[in-house]
Amino acid sequence: MKKILLITGIIFSLAACNSMLEEEVFDQVTTNNFFHKERDVKTAVNGVYDGIQDLGLWQHMSILGDGLPGALGHYWNRPFVTLTFEDNNNYVWNPWMLFYNTIGRANIVLEALGESSLDEALKNRYEGEVRFVRAYSYFNLVRMYGHIPLVTKAPESLDDVVLPDTTQANETLNSEFFVQRDRNDVYDFIIEDLKAAEEFLPESYNESQVGRATKGAAAGLLAKVYLTLAGKYYDYSNGTLAEGDAAYYAKALEQCEKVKAMGYSLEENFADVFSPENEIENSEMIFAIKYIESAVAGVEGEGNQMNARFGVRNGSITPYAWKQRFANDMFYDDFVAANGADDPRVETTFLTRFIDGEGDTVKVGDMSTFVHPHVKKFLSDLVEGPNDQPTAQSATDYGTDYPILRYADVLLMHSEILNEMGSDPNNETIFGINQVRERVGKAPVELPVSKEELRDIIFDERKWELAYEGQYYFDCKRYGNLLEEIAKSPERKVEPNVRHYILPIPYNAMQANPTLVQNAGW
């Protein structure tokens with residue numbers, strides 16, 4: 001039996017093809033008549049950004065990035081933080097579906113842009129934005145699932161996404177919508193997209209367009225791609241941990257240097273990095289997924305669920321919160337022990353007490369829904385004290401952005417790269433990490449320090465600085481210490497296994513396309 005492939009998500013909802021119509025239609029929006037005005041093109045490009053803004057996507061990536069290695073606990077979807085998940089878990093399936101959804105949108109817009117009569121410079125800029133989002137989507141997919149289909153175009157007809165009956169001798173499977181590609185092929189495509197994005201994108205925008213992808217975002221993400229290729233990775237064909245290609249360190253260093261020359265800087269106060277009130281003037285945020293509270297945007301549906309998912313249920317400080325996520329006690333204790341309670345990142349990252357509507361102080365353990373520290377980093381519009389009222393209208397109406405790449409990350413990558421490339425760390429090697437530590441009043445790394453010691457110091461600094469920003473799991477994969485980090489978690493119910501370096505190909509994807517080969521170990 002032939003099957004319709006699900007990989008393209010809602011790919012047909014953004015385009016119509018005249019060849020698929022029986023008669024010519026003059027009053028319908030199609031890719032042939034929509035992409036000739038800047039307003040229309042901008043609307044379509046915004047639809048691509050909307051793919052990664054999906055409320056389900058960031059929260060699934062959060063559970064993967066911080067829940068799997070053990071920093072984040074979760075009341076509802078226990079299998080992911082206890083390591084009991086399998087290929088049929090929603091947190092395995094949803095990122096696959098949603099990122100391919102975004103890629104489908106991007107492919108449609110890119111093809112239509114090629115035929116657009118829009119000014120060439122403007123077309124190039126929009127192409128750069130779309131290719132950046134597509135590269136970001138593929139980067140996450142290949143890091144999570146390994147060998148995946150590499151879909152680079154929109155389907156021309158339904159036949160393109162109907163699986164052939166491969167039981168018949170005359171049927172062959174060669175469509176890019178079905179065939180899994182080696183991780184190196186996917187990375188080559190990502191690199192090509194990001195190089196184009198870096199070429200086409202501006203370094204900055206006017207105030208009304210802040211949040212769109214920039215040259216710095218493309219250069220910085222490409223640095224992370226190269227660094228990932230240089231680090232360790234899971235070989236999905238035999239189930240072992242493999243060494244990356246050290247030649248990519250030099251390429252990663254070049255990209256970091258580009259970003260450093262673009263004028264980014266660390267915010268003086270760590271808390272300001274995440275403040276919605278500082279979005280326009282933020283000198284550190286290179287790229288973030290944007291959200292706007294409806295009271296600010298003037299329209300509903302542009303906010304996020306971060307307060308609902310990270311807040312205290314039944315706590316007056318976060319009135320719409322669900323009983324959902326919390327910081328694991330082990331991670332909180334390690335954070336404070338390593339950095340000291342005076343480190344401003346502790347107060348910004350964790351919620352351990354608040355003033356309720358009666359003016360009383362509520363501490364961890366005082367409520368049945370507040371028995372662990374909570375993640376405060378992304379909470380906004382907090383109701384603090386008896387006279388405060390939220391401006392948010394619902395659980396999905398908060399304005400904090402979710403960071404994807406910030407300058408502190410680039411500085412730490414810079415130190416990591418130089419350390420891996422050299423033999424004995426020098427002042428240049430420790431410059432980036434010491435800038436990050438200096439911002440929070442932490443003692444600098446001093447020379448002499450061995451390469452091995454500095455490697456561990458940089459890893460830990462990334463763990464503290466970028467906590468709950470979805471980086472922890474991918475850092476563990478690159479460093480090759482995932483099993484050791486998972487073993488610290490009190491939440492796990494299964495002993496960590498090398499297979500946890502990768503996710504299984506989702507059950508739903510394999511049902512739709514039975515030719516997909518499962519990752520070794522799953």
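- Geometric assessment of Arg309 against the ring of Trp322 yields a negative cation-pi assignment under the 6.0 Å and 45° thresholds.
- Judged by the 6.0 Å distance and 45° axis criteria, Arg499 is not positioned over the aromatic ring of Tyr234.
- Of the possible polar contacts, one joining the Asn278 side chain to the Asp272 backbone as a donor-acceptor pair under 3.5 Å is found.
- The ring pair (Phe, Tyr, Trp, His ring centres under 6.0 Å) pairs that include a residue from residues 189-214 are Tyr138-Phe189, where partners are two or more places apart or lie in different chains.
- Looking at residues two or more places apart in sequence or on another chain, you find a side-chain contact (heavy atoms from CB on, under 4.5 Å) between Asn184 and Asp182.
- Between the side chains of Lys224 and Gln471, at least one donor N or O lies within less than 3.5 Å of an accepting N or O.
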- Go through the steps for Lys215 and Glu203 under the test salt bridge (Lys or Arg N to Asp or Glu O under 4.0 Å), then give the verdict. CA-CA 5 Å; Lys215 190 180 295 292; Glu203 288 195 16; over 6 Å; no

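- No side-chain donor-acceptor contact under 3.5 Å links Glu86 and Tyr507.
- Pairing each heavy atom of Ala288 with each of Asp401, the nearest pair is CB-CB, 3.8 Å.
- The backbone N or O of Leu466 lies less than 3.5 Å from no partner atom in the side chain of Tyr472, so there is not a single donor-acceptor pair.
- Gly220 and Val259 make their closest contact through N-CG2, 3.6 Å (heavy atoms, listed as atom of the first residue, atom of the second, distance).
- Residues Ala321 and Asn307 share a closest heavy-atom pair of CB-O, 3.6 Å.
- Across Val299 and Glu302, no two heavy atoms sit closer than the pair CG1-CG, 4.2 Å.
- The minimum heavy-atom distance linking Tyr291 with Gln53 is given by the pair OH-O, 3.0 Å.
- Cation-pi check for Arg78 over Phe80 is not met; the charged atom does not lie both under 6.0 angstrom from the ring centroid and within 45 degrees of its normal.
- The aromatic rings of His500 and Trp522 stand perpendicular to each other, their planes meeting at an angle above 60°, with 30° marking the opposite boundary.
- A donor-acceptor pair is defined here as one N or O able to donate and one able to accept, closer than 3.5 Å; no such pair exists between the side chain of Glu284 and the backbone of Val273.
- A salt bridge between Lys153 and Glu176 is absent, with no side-chain N of the basic residue lying under 4.0 Å from a carboxylate O of the acidic one.
- Closest approach of Glu461 to Val436, counting heavy atoms only: CG-CG1, 4.5 Å.
- Under the side-chain contact (heavy atoms from CB on, under 4.5 Å) criterion, Glu254 pairs with Lys258, sequence neighbours left out.
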- Message: Please evaluate residues Ser137 and Thr102 with respect to the criterion side-chain hydrogen bond (donor to acceptor under 3.5 Å, both in side chains), reporting the C-alpha separation (whole Å), side-chain torsions for both, the decisive distance (0.1 Å), and the verdict.
- Response: CA-CA 7 Å; Ser137 300; Thr102 303; 4.7 Å; no

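- Ring orientation note: the planes of Trp96 and Tyr145 are nearly perpendicular, at an angle over 60° on the 30°/60° scale.
- Contacts of Tyr320 classified as ring pair (Phe, Tyr, Trp, His ring centres under 6.0 Å), with partners at least two apart in sequence or in another chain: none.
- Residues Lys376 and Thr349 have side chains not in contact (no heavy-atom distance under 4.5 Å, counting atoms from C-beta outward).
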- Query: Going through the checks in order, is the side-chain hydrogen bond (donor to acceptor under 3.5 Å, both in side chains) test met by His147 and Asn519?
  - Reply: CA-CA 8 Å; His147 54 159; Asn519 291 322; 3.0 Å; yes

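- In terms of the side-chain contact (heavy atoms from CB on, under 4.5 Å) criterion, Glu199 has no residue partners (sequence neighbours excluded).
- By the ring pair (Phe, Tyr, Trp, His ring centres under 6.0 Å) test, Phe378 is found to be paired with Phe310, Tyr402, residues two or more places apart in sequence or in another chain being considered.
- Remark: the Arg134 side chain and the Thr152 side chain contain no N/O donor-acceptor pair separated by less than 3.5 Å.
- Note: Tyr136 and Phe132 have parallel aromatic rings, judged against thresholds of 30 and 60 degrees for the angle between ring planes.
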